[in-house]
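What follows is a set of notes on a single structure, which appears directly below.
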Amino acid sequence: MTTEAVPTLREAQAAVTRRQVVDAASTLFLANGYVGTSIGAVARLAGVSVQTIYNSVGNKAALLSAMLDSAASGPAAPTPVAEFMRERSRAAVDAAGVIDVLADWFVEVHGRTASVWAVIHQAAAVDGEAAAMERARNEQRLRNYRLAAAELRSRGCLAGLTDDEGAAAIWAIGNPEAYQVLVGGAGWTVAAYRDWLRKALGGALGIA
């Protein structure tokens, strides 16, 4: 029988400080953009020193990455997305249920992270570290979707695709830029976007 480790007071205080820093960075990045936000401004809003920001989170690119993590996890934070999505997928009764889980997730996560990704794209254009972070996060999403593809394969699906090819299909269809263009720009409703996701994922992965 295993027991969860109880955080020490110091660890709990560090977690609170990190949360304050990430919240402050999120507020400023969304209001002023990446270029218009300085580490000093984040420190002032969070009520900490600049060194505390570097110690608790890191540089501006790291702040942006932490901001994305926070937005993606949402109410489940600090549980990593991959962890609770694995649980949701395994709880689905069949392959169609896994597709529903994915479609619901893309609606949920893009609603929270679309504005964050817009800042990331802006940052990647002017900051090499932010560009590297953007590439790493895209690669991370692809790895996570391989887990979903493997779950579908375990249920007898994928229609001749490899796990990597299935992951690529999920990555492409569920790309946050598609949400931004369709819902943010083309005037699609969230319900229409979700319906398209369900059809597109099912068609690409061979699931009715």
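The shown structure was predicted, so the numbers you read here are calculated from the model rather than taken from an experiment.
The two residues Val119 and Leu30 come nearest to each other via the heavy atoms CG2-CD2, 4.1 Å. Minimum heavy-atom separation, Gly58 to Leu63: O-CG, 4.4 Å. Of all heavy-atom pairs between Val183 and Thr189, the closest is CG2-O, 4.4 Å. Closest non-hydrogen pair, Ile173 versus Ala204, comes out as CD1-CB, 3.8 Å. When all heavy atoms of Leu158 and Thr162 are compared, the pair lying nearest together is CD1-O, 3.9 Å. Here the shortest heavy-atom pairing between Tyr54 and Asn59 reads CE2-CA, 3.8 Å.
Between Tyr193 and Tyr179, the distance separating the two ring centers is shorter than 6.0 angstrom. Two rings, from Trp196 and Phe106, have their centers 6.0 Å or more apart.
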Could you give me the CA-CA distance, side-chain angles and deciding distance for Glu139 and Arg135, then say whether salt bridge (Lys or Arg N to Asp or Glu O under 4.0 Å) is met? CA-CA 6 Å; Glu139 291 167 2; Arg135 289 192 297 272; 5.8 Å; no

Side chain to side chain contact (heavy atoms under 4.5 Å, CB included) assessment of Met85 paired with Val101: CA-CA 8 Å; Met85 283 301 293; Val101 166; 3.8 Å; yes

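Inter-residue side-chain proximity for Asn144 and Gln140 is flagged as met; some heavy-atom pair is nearer than 4.5 Å. Residues Arg112 and Pro75 form a side-chain contact, since some pair of their non-hydrogen atoms from C-beta on lies under 4.5 Å apart.
Between the side chain of Arg146 and the backbone N or O of Asp163 there is no donor-acceptor pair closer than 3.5 Å. Checking side-chain atoms of Glu151 against main-chain N and O of Arg86 turns up no donor-acceptor pair under 3.5 Å. For Arg153 (side chain) and Leu161 (main-chain N/O), a donor-acceptor pair under 3.5 Å exists by modelled atom type. No donor-acceptor distance shorter than 3.5 angstrom exists from the side chain of Lys60 to the backbone of Ala130, with no hydrogens or angles considered. Side chain of His121 to backbone of Glu134: no donor-acceptor contact under 3.5 angstrom is found. Gln122 places a side-chain N or O within donor-acceptor distance of the main-chain N or O of Tyr34, the cut-off being under 3.5 Å.
Interatomic distance, Ser56 OG to Gln51 CD, rounded to the nearest 0.5 Å: 9.5 Å. Taken from CG in Leu28 to CG in Leu45, the straight-line distance is 5.0 Å, to the nearest 0.5 Å. For the atom pair CG of Leu102 and CD1 of Ile170, the computed distance is 5.0 Å after rounding to the nearest 0.5 Å. Here Ile99 contributes atom CD1 and Ile207 contributes atom CD1; the two are 3.5 Å apart, rounded to the nearest 0.5 Å. The structure places NE2 of His110 at 9.0 Å from CH2 of Trp105, a figure rounded to the nearest 0.5 Å.
No continuous path of ILVMFWY side-chain contacts below 4.5 Å connects Val190 to Val181, so the two sit in separate hydrophobic clusters. The cluster map of Ile, Leu, Val, Met, Phe, Trp and Tyr, joined by side-chain heavy atoms under 4.5 Å apart, puts Leu197 and Leu142 in the same cluster. In this structure, Leu147 is not a member of the same hydrophobic cluster as Leu201, with clusters built from ILVMFWY side-chain heavy atoms closer than 4.5 Å. Residues Val107 and Trp171 share a single hydrophobic cluster, defined by chaining ILVMFWY side chains whose heavy atoms lie under 4.5 Å apart. One hydrophobic cluster, built from ILVMFWY side chains closer than 4.5 Å, cannot hold both Val116 and Leu182; they sit in different ones.
By the side-chain hydrogen bond (donor to acceptor under 3.5 Å, both in side chains) test, Asn175 pairs with no residue at all, sequence neighbours left out.
Between the side chains of Arg141 and Asn138, at least one donor N or O lies within less than 3.5 Å of an accepting N or O.
Here Arg198 does not pair with Asp104 in a salt bridge; the nearest charged N to carboxylate O distance is not below 4.0 Å.
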Expected list for residues 64-74: side-chain donor-acceptor pairs under 3.5 angstrom, two or more places apart:
{"unit_1": "Ser65", "atom_1": "OG", "unit_2": "Arg137", "atom_2": "NH1", "d": "2.7"}
{"unit_1": "Asp69", "atom_1": "OD1", "unit_2": "Arg137", "atom_2": "NH1", "d": "3.4"}
{"unit_1": "Asp69", "atom_1": "OD1", "unit_2": "Arg137", "atom_2": "NH2", "d": "2.5"}
{"unit_1": "Ser70", "atom_1": "OG", "unit_2": "Arg19", "atom_2": "NH1", "d": "3.0"}
{"unit_1": "Ser70", "atom_1": "OG", "unit_2": "Arg19", "atom_2": "NH2", "d": "2.8"}
{"unit_1": "Ser73", "atom_1": "OG", "unit_2": "Asp69", "atom_2": "O", "d": "3.3"}
{"unit_1": "Ser73", "atom_1": "OG", "unit_2": "Thr79", "atom_2": "O", "d": "3.1"}

